[in-house]
Structures are given as C-alpha cells and as structure tokens.
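What follows is one structure encoded as structure tokens, with my remarks underneath.
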Amino acid sequence: MHHFKYRDNELYCEDVPVRIIAEQIGTPFYLYSHATLKRHYLIFDEAFEGLDRLVCYSAKANTNLSVLKLFESLGSGLDIVSGGELYRGLKAGFSPDKIVYSGVGKRVDEIDYALEAGILMFNVESIEELELINKRAGILETIAPVAIRVNPDVDPKTHPYISTGLKKNKFGIDKEAAIEGYNVARGLENIDVVGIDCHIGSQITDAKPFVEALESIKDLIDELRKIGLDIRFLDMGGGLGITYNDESPPHPREYAKEIVASLKGTQLKLILEPGRVIVGNAGILVTEVLFRKSGKDKEFIIADAGMNDLMRPTLYSAFHAIEPVVDNEGQQITADVVGPICETGDFLAVDRKISDVIKGDLLAVMSAGAYGFTMSSNYCSRPRVAEVMVKDDNFYVVRDRERYEDLVNGESIPPFLDV
Ligand code: LLP
C-alpha cells in the first residue's frame, strides 16, 4: 500500500496534487512519499517483532539524505557498500555501531574510514580482503569486527544481473572456502569474528530461496561454533521483491515468518538489509511529454526523462507502470515511451498500453523509489533531476535540480590548452 492515489482523476502524493509540484519546480523530478517510506520501514521491522534483530536499510536503493534521516529516526541501521555511502550515513546521523559494510572491492581508504568510524561489522568477501582489513586495523591500532559473506549457491530466480548467490557470481566465498576463511580469520590479531553474512540477490518474489540459503548457512554456523568461533550475528542481506506489474512477492510478514521459524533456538542476532521493499513503491519519477510522433510501425511518446534519469528499463528490461498525472479518461494507445537521449536503448517503456497523452501532459513513472535516482547519471550532460519529499499536504525539495554549472564542477583546462 502506498500513498500515490487518484482523486477526481488527478494523481496525488499524500495530500498534494503531483501537478502542482510540477508547475512549481518543473520536470523531471523524483517524488517520495514520507508516509509510505515510514509505513514500509515499520511494517518490515515489526514483522520481526520479538526477535533480536537490526534492520540495516540498504543505502544503495535510495541515498537521499532526507530518506536516510527518516530511517535513522525510526531506529534503522544502515547497509553500505562504499566510503561515499558511509559519509552519507554519518551525515544523516546513523550511529556507526549500526552500520554494516558489504562489497567485493573495498579500498584501503574506505576500510580506514570505516575502521575509524567504528562500524558494527565488515562483511568480507575474500581472503585477501580479510588480510587487508587485519593489516589496516593493526596500523590503526584497532580491532575489526567481521563476518564472512558466504555464497550459499541457491538460485533466487531473478534477473541474472541482480542474482548474487550463485556459484558463478562474484560475491561471497563458497561454503567450503568459508570454513577455511574463518580459520584464517581467527588467527589474525586484529580481527574479531562476530558473524556470518549472505545476500542472494534482489527483486526475489518467492520466500523459498531465502529459506534455502538460511538452512544452508545454519549448518555452517553449527560447524563454526563446534570449532570454537563465537558467531553472534547472522546477516541475511536484502532482496525481497516488490510489485512492479503483476509480481506477487511474499508480504514482509510472510517472509519474516519463514525466517523466524527457521532461526528458533539459534541464539543469533539477525541483521537484515532491505532496500527495494522499503523505498521502491514509495517513489515515482514525474516527466512531461515533450512531443508525440508516429513512426511507420510505432507510436512514440517523447518524454523529458530518459535512461540517464531511470536506467532500469533499458538495463534490466524492467517494467515500470506509467500513468498520466491528470487522467482525462481518453482512449488507450500502444506506444513506446522514450527519452531525449541519442540511444535506441533510451526508453522508459516499450509497446505499452497507455493513455493517449499529448504534448505538455505529465506522466508518472511508478515504483521508481529504489535504484532510480541513485543509478542516474549526467550522460549527455543532462543535469540530474530534483528530488522532492511530500509529507501530508506539503512538499519539500530534498535535492535541488542540478544546474549547468554543476556539470563542469571540478573540471579544469590545463595551461597547455588554455592558449
Ligand atoms: N545487501 C546487499 C549486500 C546488496 O548487494 C543489496 C543489493 C541489498 C542488500 C539490497 O537489496 P534489495 O533489498 O534492494 O533487493 N540495481 C538493481 C538492484 C541491484 C541490487 C544490488 N544489491 C535494480 O535496479 O533492480
């Protein structure tokens, strides 16, 4: 359930007509509903009621400072994958001891930054990384808390680009090598083994792969405990899917029920890293129709938002519903909704049944709160769009639209060219 609803044929975000925001700040822009973000976080967290757990919202889905601040204020921790995300997290007020750091390629400066901040746990993805973290912790005279990310080799049945827990994926360490890794870890002076981690993929619409992964990790935890390792944290990663079109993913409560049942009696603190399920349906991308054009075989709706603003359709053939902001209840047509960029892959939708909109009409690209703005770029020197948050009957620009000056920020022309 989200707070983007029609009233008298006009799309509202909570109590604000989306059209009004477009009139005041121009298009395109991302629009987030405060009530939806809050509701989704609380539903997810409360689904695990009674269990010792920490929800670490996965920053990569949407790193806007106001979004982060909201989750921080609700008690969330944070899952990060870069120094930049750590910077944002600290700026939003997250306590470092609620931050977990994943990712296969952590650099020395990023490791040092996280060690100095005093994060809860590094999710380590290779032996070389483990050794580097140990070395840096030694130099900084500290102890690094770590979990090893285990690749349980389960098929999450999602898009191949966002499946991460298969043998062929670059993530984690396979189970046999993980035991070896833990043996190495416990011999390292500046490493404290505190947990175990896995993340099998994203946009997963079935609870089974999660349970399979959990069962497989539980066996491993038993073995590790037998050899004297004190595994306290079990990080299950993120990955729960949402409805973009006709998917029917388990409700967070069903997902939680399965996990909680399987965790009974294990004496583990559960860490979860949800991203999409919290923010995905709490945001939309608003764009204006620039032109209509009829090709020989196709009808085109040319919008002012393109693949640089929302990459998901072209990168993963992802489906995002597209709705008119003001619904004139006209006829439906079949059209491609395309952007202004000079690439054939620049589309928001292909062969889509859509209202017969005209130049100047506004469109809402739905379910764009996750991996929308965070994956946007300046390709074709297009300033990144504004981000707006609605609360009740007010809206707040939480990130300004970039200006042309921002596009050349940091660039310089060396003297030999400046003649
Ligand atoms: N934890 C780790 C270690 C991850 O790699 C990810 C996502 C998450 C948590 C959060 O997963 P979520 O709950 O959002 O599924 N750009 C793609 C999704 C990439 C996901 C990458 N990792 C998309 O737009 O579909």
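In this text, all values refer to a predicted model and were calculated from it rather than measured experimentally. Counting starts at 1 for both ligands and their atoms, following the listed order.
- P274 counts as a contact of ligand 1, since one of its heavy atoms falls under 4.0 Å from the ligand.
- Ligand 1 is approached by R149 to a heavy-atom distance shorter than 4.0 Å.
- The distance from the CG atom of N62 to the OH atom of Y57 is 4.5 Å, given to the nearest 0.5 Å.
- Checked by atom type, the side-chain pair S33/E14 shows a donor-acceptor distance below 3.5 Å.
- Less than 4.0 angstrom separates some heavy atom of G275 from each of these atoms of ligand 1: 12 (P), 13 (O), 14 (O).
- Taking a cutoff of 4.0 Å between a charged side-chain nitrogen and a carboxylate oxygen, R382 and D309 qualify as a salt bridge.
- With a 4.0 Å heavy-atom cut-off, ligand 1 is reached by the side chain of H199 but not by its N, CA, C or O.
- Within the 4.0 Å heavy-atom criterion, the part of D79 lying near ligand 1 is the side chain and not the backbone.
- When each atom of ligand 1 is checked for a heavy atom of E273 under 4.0 Å away, the hits are 1 (N), 2 (C), 3 (C), 8 (C), 9 (C), 10 (C), 13 (O).
- Residue G239 has at least one N or O atom closer than 3.5 Å to an N or O atom of ligand 1.
- At least one N or O atom of R276, backbone or side chain, sits closer than 3.5 Å to an N or O atom of ligand 1.
- Checked by atom type, the side-chain pair D304/T287 shows a donor-acceptor distance below 3.5 Å.
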Please step through side chain to side chain donor-acceptor pair (under 3.5 Å) for the pair S82 and E110, ending with a clear verdict.
CA-CA 7 Å; S82 69; E110 294 176 307; 4.9 Å; no

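- Within the listing of ligand 1, atoms 1 (N), 2 (C), 4 (C), 5 (O), 6 (C), 7 (C), 8 (C), 9 (C), 21 (C), 22 (N) sit less than 4.0 angstrom from a heavy atom of K60.
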S216 and K175: CA distance, side-chain angles, deciding distance, side chain to side chain donor-acceptor pair (under 3.5 Å) verdict:
CA-CA 9 Å; S216 149; K175 276 175 76 177; 3.3 Å; yes

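- Ligand 1 has an N or O atom lying under 3.5 Å from an N or O atom of S202, backbone or side chain.
- Atoms of ligand 1 found under 4.0 Å from any heavy atom of M375, numbered from 1 in the order shown, are 16 (N), 24 (O).
- A donor and an acceptor atom, one from each side chain of E343 and Y379, are located under 3.5 Å apart.
- Between the side chains of T334 and E299, no donor N or O sits under 3.5 Å from an acceptor N or O.
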